[in-house]
Structure formats: C-alpha cells, structure tokens
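Lettering of chains follows the sequences in order, A, B, ..., and the numbering in each one begins at 1. Heavy-atom basis, side chains included; hydrogens, waters and symmetry copies ignored.
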2 protein chains.
Amino acid sequence: MRRKHQMDHDEDALAIKLQAFQPLGEDEKARLEDLQRHRMQFAAGSEVVYQGQTNRGAYILRKGWACSYKRLRDGSRQIIDIHLPGDFLGVRSLLLRTSDQSFITLTDVEVSKVTVEAMWDVFRAAPKLAVSLLWAASRDEAMVVEHLVSVGRRGALERTAHFLLELGARLHLIGCGTGDNYPCPISQAVLADALGMTTIHLNRVLRQLREIKLVVFREGTVTFPDVHRAAEFTGFDLRYLDHGTRP
Amino acid sequence: MRRKHQMDHDEDALAIKLQAFQPLGEDEKARLEDLQRHRMQFAAGSEVVYQGQTNRGAYILRKGWACSYKRLRDGSRQIIDIHLPGDFLGVRSLLLRTSDQSFITLTDVEVSKVTVEAMWDVFRAAPKLAVSLLWAASRDEAMVVEHLVSVGRRGALERTAHFLLELGARLHLIGCGTGDNYPCPISQAVLADALGMTTIHLNRVLRQLREIKLVVFREGTVTFPDVHRAAEFTGFDLRYLDHGTRP
DNA sequence: CGAAGCGTTGAGTATAATCAATTCTGGTGG
DNA sequence: CCACCAGAATTGATTATACTCAACGCTTCG
C-alpha cells in the first residue's frame, strides 16, 4: 500500500487533492489523466484569462502558482484567490458568458487546457469523478467565503496570519511543505492585494508578526515558529477546507 | 407569446431566474416544480442551517428574504450574501461534510427542502435543467467574488451604493421592483454586517448618500433618484450578473 | 554605472471604530 | 388613551487603524 500524499501519477496534485475527498479507481485516474492531456507552459506574469474574455475554456494548474483578481476603475485590484497546483482556473467562465475575473501566473507554470466538452464527457462517463470535481469546486468556494469574512471582519494582523496559515494547509494537502514551513514565491504587493491593504501597511504588519514570533515571511519562505499558537491567535479553524476522507 | 418577467408557474422566482439563462421546456418546468414539492415556512429570524451542521440538504427560497453569514470568535459576523426568492440556500453543504456557514431568515419565508438524491435525479434525467442550475450557482459565486472586491477595495460610500444597486438588479430580474426603487426589508445592522462596517458608520454613510442624492434608504425602501449617476459613481458593471439570454 | 523592482521607514492625514447618549418607532399592557 | 418598553436609528466626541506621500536601502540586471 502506498503512503498517503505520495505520488500516484507522477506528482499529479489534482489527483492527490481529490483523494482527500474520496479514493479514485484506476479508471477514474486514467480519465483524470486524460482530462489533463493538453499541456501548456506560461512564464511568470502571464495573463491566462482576462476579465471580460468570452472564450470558454478552463485550465488545470499542474505546477507553479497563479492568482485570480478583479481590477477596479481606479487601477487598484483585489486578488480573489491564490491558486496552487491541482487548482482549476476559470471553471466559472464555462457557464457564464464572459469571465468575471482575470488570472495571472505568479511563477512559471504548467497548465492543462480543459474544454467544456471534455468536462461534460466526464460528467456523463465518470460521475464519481465528476462528484469529486464538484467537491473541489465547493471547497474553492468555501475558501472565497472565508476570505470575504477575513477581509470584512478580521484585523490586519489576524487576517494576514490567517491567510498564510490557510496557504500552508492547502500546500500540505497536496504534499508541499510541512505544516509549519513552506516556500511562498509571492511579493508583498501580491499579498497586500489579496488581503485588501496597502503594500506599506502589509509590510508593517509582517514586521509585527515577525516581532511577536507568530509568522515569519522572508526570502520567499513562510515559517511559523509555533503553528498552534498562530492558529489559536487567528481563530484558524480549517473545517471549511474539508480535509480528510469521507466516511 | 408571454411577456418576459411574467409568471409561468404562479410566481416561481427560480423558474424566472433560470430563464434569464436559457428557456425551459414544459418538461423541465414540471421537474423544477417537482423539485420544490416539499414546502416549508419559517418566521423572520429563524436559523435555517447553522455553521457546522452535518445534515445534508439544501433549500430553495421561494418567498421572502434570508441571508448567509459566518460568525467569528469575538461575536461579530460577516454576512456573505443576501438571499432573495429563487435562490438556493446551502447547496455547498450537499458536498462538504459540514455546512461552512449559517443561514437566517430576514422576513417570514417559504422554502422548499431539496435532498441530495433529488438533485442527482435532476442531473440524470434533466441535464439541461441541471446546466441551468449550475449556471445559477456560478452566478451566485460571481456575486460573492464581487462582494469580496467591494469589501476589500471600495470605500464605504461606493461600497454601500454598489451593494444596493446589485440588490436592485437582482430583484428586477425576478420581477420585483423597478430599476430605481424597491422594498428592502432589512435593518441597518444587517446591511452593516454585509458591508463589513459598524452600524454607526453605515448610518453616517447612508446619510451622506442621501445628502448627495445618490441613494435613499428609508422606511424599508431603497430609491435611486438617478440610477445612472449611481451606477457611474460606484462603477457598477453588472456583467458579472450575466443577465440576458444566451445566444 | 544607472534603472527597475522590491522592501523598508517616517510623518501626516483620512477613514472607520469605539464609547456614550439621545431620539424615534412600533408594540404592549394598564 | 397613555405610560412604558425594546429595538432601531441617529448624533457627538474620541481613539485606533490604515492610507498617502515621500524618501531611502538593497538587489538584480542590462
């Protein structure tokens, strides 16, 4: 028997993630592999989908980091979510007429392009896999909701630490980083846009978090000197991430 | 030929909403009616689903208003969305193990309880209707995203007016209120929790909006003296609501 | 070397929260 | 009819939080 979090299909983060919901049979794994047949590469800083684009089509992020955001008239932007390997990009634009948000890569990435038709095929021929994909979509939505709660009701310190804890938990699920340390290749400007604050303010918040030894964000690495204290401090619950296999 | 926004199945808001996406045949309408067979009533202020509940099962809101929210440790809460007739409540809890949010009614309401099984039946037997439901779910998600953008990056005045414009547009779609005037049976406390501010601050913001004649929120009614100016002021786009029938 | 991007710091300002009251409103019961 | 109450809306004064503007240090890269 293979150990958990070890690779089944050569580091397929999506397969690992989906199996946190329910195990997949060989047939489903093959189908999942097939769904990701059409590979593409993008350099860091590429626009993958832009707000208002009418092309239908989604991507599965296989390697690297990306983010989704919306721009406002005054030029500012709000980052909706940071996307990690195994995440879908732009599923919603499969059904809405235009994409309601933009996607940009944060590192060099590898993605698979997925068409609407391929998705319907999965729904018809592999309903169990389809349910897993819907589960993943529900989980993503729950993350956006938690993000909204953070921005609306948590103070800057709490909010920042909470966000970094969530990232850590998500990475852990797909087998990257330990619980209390992970590589985080994003600039303070990106993090600030995700958290709804100024870069300058975020910088001060990060310094404070470092001073009180809750979180250290430095040189592309996030470290929690004491994860439990950090979780306690921010009220991090993680039930909304719905980890662990269903009974 | 029936006029748009007129009732087909005795004021079924969901049917009206779904037809903004694609027309439904008699068969699908009957199925939709059947899905809503199990009616229930709740008084204003009832908890319909609570955060952490493990019961699976969703509701379709038929009449009245409700809202979804999450509570934080310090007792404050963030309202995720206001729900209007034709909205689903708690679909996500069909797939996640526990509900990640709570639902409370804002007025007396009528709902229909929907089981997972009934949903799967629709997917199997009426895929076209299922697509419409997925569209509605995508649209709801797009609204949460826009909400996040508002709370993260818009100032209080802009944010408040934008939110009220969105509510107006949503109500208009299901045939309630004109574009520039609608009944809005919620307290300032609720609105403040939705917008991520204090009741006191919201009160001042509402006064300002009234003074500059952008929005009047008073005695349970919202009025826009000049909708276009309000839309211009807030940068209200409404493309994310994806109204209008698909080509 | 200069330019660009990122991170950092300081000083002053704006925005929103907190604390403390007061008014207005629609019920309720005498 | 009125006195009373609870909830909602409103106002003022003060404090905290986050933003703006301005500048500087440190790399990296051409």
Quick one: which protein N/O atoms are closer than 3.5 Å to N/O atoms of nucleotides 6-9 of chain C? Pair and distance per line, please.
{"from": "C:dG7", "atom 1": "OP2", "to": "A:Gln188", "atom 2": "N", "distance (Å)": "2.9"}
{"from": "C:dT8", "atom 1": "OP2", "to": "A:Gln188", "atom 2": "NE2", "distance (Å)": "2.6"}
{"from": "C:dT8", "atom 1": "OP2", "to": "A:Asn203", "atom 2": "ND2", "distance (Å)": "2.6"}
{"from": "C:dT8", "atom 1": "O5'", "to": "A:Asn203", "atom 2": "ND2", "distance (Å)": "3.3"}
{"from": "C:dT9", "atom 1": "OP2", "to": "A:Arg207", "atom 2": "NE", "distance (Å)": "2.8"}

Rounded distance (Å) that lies between atom C1' of C:dA17 and atom CG of B:Leu195: 16 Å
Divergence of helical axes at both termini of the helix from C:dC1-D:dG30 to C:dG30-D:dC1 - five pairs an end, 10° steps: 30°
Expected output: side-chain A:His38 to main-chain A:Val114 donor-acceptor under 3.5 Å: no
Side chains of residues 200-224 of chain A: which donor-acceptor pairs under 3.5 Å do they make with residues two or more places apart or in other chains?
{"from": "A:Asn203", "atom 1": "ND2", "to": "A:Gln188", "atom 2": "OE1", "distance (Å)": "3.0"}
{"from": "A:Thr223", "atom 1": "OG1", "to": "A:Asn181", "atom 2": "ND2", "distance (Å)": "3.1"}

Residues from residues 160-168 of chain B lying under 4.0 Å of DNA chain C - heavy atoms: none
Sequence-distant partners of B:Phe236, ring-ring contact (aromatic ring centres under 6.0 Å, His included), two or more places apart: B:His162
Where at least one partner belongs to residues 222-232 of chain B, residue pairs that pass salt bridge (charged side-chain N to carboxylate O under 4.0 Å, His left out), sequence neighbours excluded: A:Arg73-B:Glu232
Residues which pass ring-ring contact (aromatic ring centres under 6.0 Å, His included) with A:Phe103, listed by chain and number, not counting sequence neighbours: A:His83
Basic-acidic side-chain contact under 4.0 Å: A:Arg170, A:Asp81: yes
Qualifying salt bridge (charged side-chain N to carboxylate O under 4.0 Å, His left out) pairs with a residue from residues 41-50 of chain B, counting only residues at least two apart or across chains: none
Side chains of B:Val111 and B:Val48 in contact at under 4.5 Å (non-hydrogen atoms): no
Whole-Å gap separating P (D:dT20) and CG (A:Leu202): 14 Å
Audit row: B:Val190, B:Ile82, side-chain contact (heavy atoms from CB on, under 4.5 Å) steps and yes/no: CA-CA 9 Å; B:Val190 167; B:Ile82 303 280; 4.2 Å; yes
Test item: A:Leu148 and B:Ile80 side chains (from C-beta on) under 4.5 Å apart, heavy atoms: yes
With sequence neighbours excluded, residues passing ring-ring contact (aromatic ring centres under 6.0 Å, His included) with A:Phe163: A:His147
Write out a two-atom table: protein N or O, nucleotide N or O from nucleotides 16-18 of chain D, distance below 3.5 Å.
{"from": "D:dA18", "atom 1": "OP1", "to": "A:Ala156", "atom 2": "N", "distance (Å)": "3.3"}
{"from": "D:dA18", "atom 1": "OP2", "to": "A:His201", "atom 2": "NE2", "distance (Å)": "3.2"}
{"from": "D:dA18", "atom 1": "O5'", "to": "A:His201", "atom 2": "NE2", "distance (Å)": "3.3"}

Pairs touching residues 187-197 of chain B that satisfy salt bridge (charged side-chain N to carboxylate O under 4.0 Å, His left out), sequence neighbours left out: A:Arg153-B:Asp193, B:Arg77-B:Asp193
Counterpart residues, salt bridge (charged side-chain N to carboxylate O under 4.0 Å, His left out), relative to B:Asp74 (two or more places apart): none
